[in-house]
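Everything below concerns the one structure shown next.
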Amino acid sequence: MIEIVLDTETTGLSYQEDKIIEIACIEIKDQIPTGKKFHTFLNPQIRISAGAYETHGISESFLQDKPRFKNIAKDFLNFIQQHPLVIHNADFDLSFLNKELKDSGLEPILKTRVKDTLAIARDKFPGLQNNIDALCKRFKIDNSRRQKHSALLDCDLLTKIYIELLDKKEPTLNLSFTQTKALEQEKEHRSKRKPIFIEVSDEEYEAHKAFLKSKLPKSFLLN
């Protein structure tokens, strides 16, 4: 099955007032990247908030010669087609994308086709931090290049996180060598055990029947 891992960077946190300035998509098939990517920077034609700039480091001057969303919208939709989308904290990205699509006169992306890795992680690791950096640390994924947020880099990291989330087994016991060896020996000892049968004499059997007859109702008695 083909899926699209997707991430965006924006001018701020409000989808009603802010704009997308970077979109990245990575195609995976049966959880393996195919090598196909969609990536573009966008000119939002509005100011980038100080908080957003601090997060991703993308400047207004850098975006001056970049296309507007409406100029790349159809290429973007052609890339994702109707494939399921894998997004971390999907409500955020989806609200921005659907606002941009609406402003471009295009149909929105339905939430039903989106797999939210944040929701998956929260289900598997309740009560723990489940942002990109925390998940990379948990799964031992190298995120040393992530000095600032980047849609393309985050897509690459999220692809690895998604695969780990799907394949992650229950944690195994962290046993010492001595404990492990003792368990193996106990298992071997049990496998060599033979059942013990004790023969009962006729006198013992009759005595047992007499005991049952004196203690139990007739419906429970043996013939």
Side-chain angles (χ1 to χ4, degrees), residues 1-10 19-42 52 55-58 62-63 66-67 69 71-98 100-101 104 106-125 128-172:
M1 178 177 67
I2 292 178
E3 298 169 293
I4 305 295
V5 182
L6 183 151
D7 190 47
T8 66
E9 298 298 337
T10 64
K19 297 282 188 179
I20 296 173
I21 57 174
E22 184 185 11
I23 303 176
C25 302
I26 293 178
E27 182 185 88
I28 59 176
K29 184 176 182 181
D30 299 327
Q31 303 175 32
I32 299 173
T34 65
K36 294 182 180 180
K37 298 180 181 181
F38 177 91
H39 178 238
T40 185
F41 291 98
L42 299 169
T55 298
H56 51 60
I58 302 172
F62 173 76
L63 299 173
K66 303 302 184 287
F69 181 89
N71 301 127
I72 60 89
K74 290 186 178 179
D75 289 337
F76 166 68
L77 292 175
N78 285 338
F79 184 85
I80 67 172
Q81 298 183 46
Q82 293 301 314
H83 300 308
L85 303 177
V86 179
I87 308 174
H88 199 74
N89 192 16
D91 286 345
F92 180 85
D93 298 84
L94 208 57
S95 62
F96 275 87
L97 285 167
N98 283 338
E100 297 275 18
L101 289 169
S104 301
L106 298 167
E107 292 295 315
I109 297 170
L110 298 179
K111 191 175 180 178
T112 52
R113 62 182 284 199
V114 176
K115 299 180 180 180
D116 190 344
T117 48
L118 178 58
I120 297 171
R122 283 174 173 170
D123 183 60
K124 284 182 172 288
F125 308 108
L128 300 180
Q129 284 192 336
N130 288 299
N131 57 38
I132 296 289
D133 287 329
L135 290 169
C136 283
K137 183 177 181 180
R138 192 168 302 146
F139 294 131
K140 296 180 173 57
I141 297 169
D142 181 11
N143 66 336
S144 57
R145 294 183 297 150
R146 197 179 191 245
Q147 304 302 316
K148 296 283 188 179
H149 287 205
S150 158
L152 187 58
L153 175 58
D154 286 359
C155 262
D156 180 59
L157 294 174
L158 187 57
T159 298
K160 297 172 183 177
I161 289 170
Y162 178 56
I163 293 169
E164 288 287 343
L165 284 172
L166 294 183
D167 291 345
K168 192 64 179 174
K169 297 179 176 60
E170 293 298 320
T172 55

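- For Asp7, the side-chain hydrogen bond (donor to acceptor under 3.5 Å, both in side chains) test picks out no residue, with sequence neighbours left out.
- Residues Thr40 and Pro67 share a closest heavy-atom pair of OG1-CG, 4.0 Å.
- For Asp116, the side-chain contact (heavy atoms from CB on, under 4.5 Å) partners are Ala90, Leu118, Ala119, not counting sequence neighbours.
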Run the side-chain donor-acceptor check on residues 22-29: report pairs under 3.5 Å with partners two or more places apart or on a different chain.
from  : atom 1 : to     : atom 2 : distance (Å)
Glu22 : OE1    : Ala151 : N      : 3.2
Glu22 : OE2    : His39  : NE2    : 2.7
Glu27 : OE1    : Thr34  : OG1    : 2.8

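- A 6.0 Å sphere centred on NZ of Lys148 holds more than 12 heavy atoms belonging to other residues, nucleotides or ligands.
- Between Leu97 and Leu6, some side-chain heavy-atom pair lies under the 4.5 Å cut-off.
- Judged by distance alone, with hydrogens and angles left aside, the side-chain atoms of Asp93 form a donor-acceptor pair with the main-chain N or O of Thr8 at under 3.5 Å.
- Between the side chain of Glu9 and the main chain of His56, no donor-acceptor pair closer than 3.5 Å is present.
- Between His88 and Leu135, the closest side-chain pair of non-hydrogen atoms falls below 4.5 Å.
- Judged as a side-chain hydrogen bond (donor to acceptor under 3.5 Å, both in side chains), and not counting sequence neighbours, the contacts of Asp142 are Ser144.
- Under the 3.5 Å distance criterion, the side-chain polar atoms of Arg138 are matched with a main-chain donor or acceptor of Gln129.
- Other residues, nucleotides and ligands contribute more than 12 heavy atoms inside 6.0 Å of the NZ atom of Lys66.
- With sequence neighbours left out, Phe69 forms a ring pair (Phe, Tyr, Trp, His ring centres under 6.0 Å) with no residue at all.
- Within a 6.0 Å sphere centred on CD of Gln81, other residues, nucleotides and ligands contribute more than 12 heavy atoms.
- Applying the salt bridge (Lys or Arg N to Asp or Glu O under 4.0 Å) rule to Asp156 yields the partners Arg145, Lys160; only residues at least two apart in sequence or on another chain are considered.
- Scored by the side-chain hydrogen bond (donor to acceptor under 3.5 Å, both in side chains) test, Lys115 finds Glu3, Tyr162 as partners (sequence neighbours excluded).
- Taking Asp154 as the reference, Arg146 meet the salt bridge (Lys or Arg N to Asp or Glu O under 4.0 Å) condition, with sequence neighbours excluded.
- Contact check for Arg113 versus Ile80: side-chain heavy atoms found under the 4.5 Å cut-off.
- With sequence neighbours left out, the salt bridge (Lys or Arg N to Asp or Glu O under 4.0 Å) criterion links Lys111 to Asp91.
- Looking at residues two or more places apart in sequence or on another chain, you find no salt bridge (Lys or Arg N to Asp or Glu O under 4.0 Å) involving Asp75.
- When the ring pair (Phe, Tyr, Trp, His ring centres under 6.0 Å) test is applied to His83, no partner is found at least two apart in sequence or on another chain.
- Listed by chain and number, the residues in a side-chain contact (heavy atoms from CB on, under 4.5 Å) with Leu110 are Thr112 (sequence neighbours excluded).
- Taking the six-membered ring where tryptophan is involved, the planes of Phe41 and Phe62 are perpendicular, since the angle between them exceeds 60° and thus also 30°.
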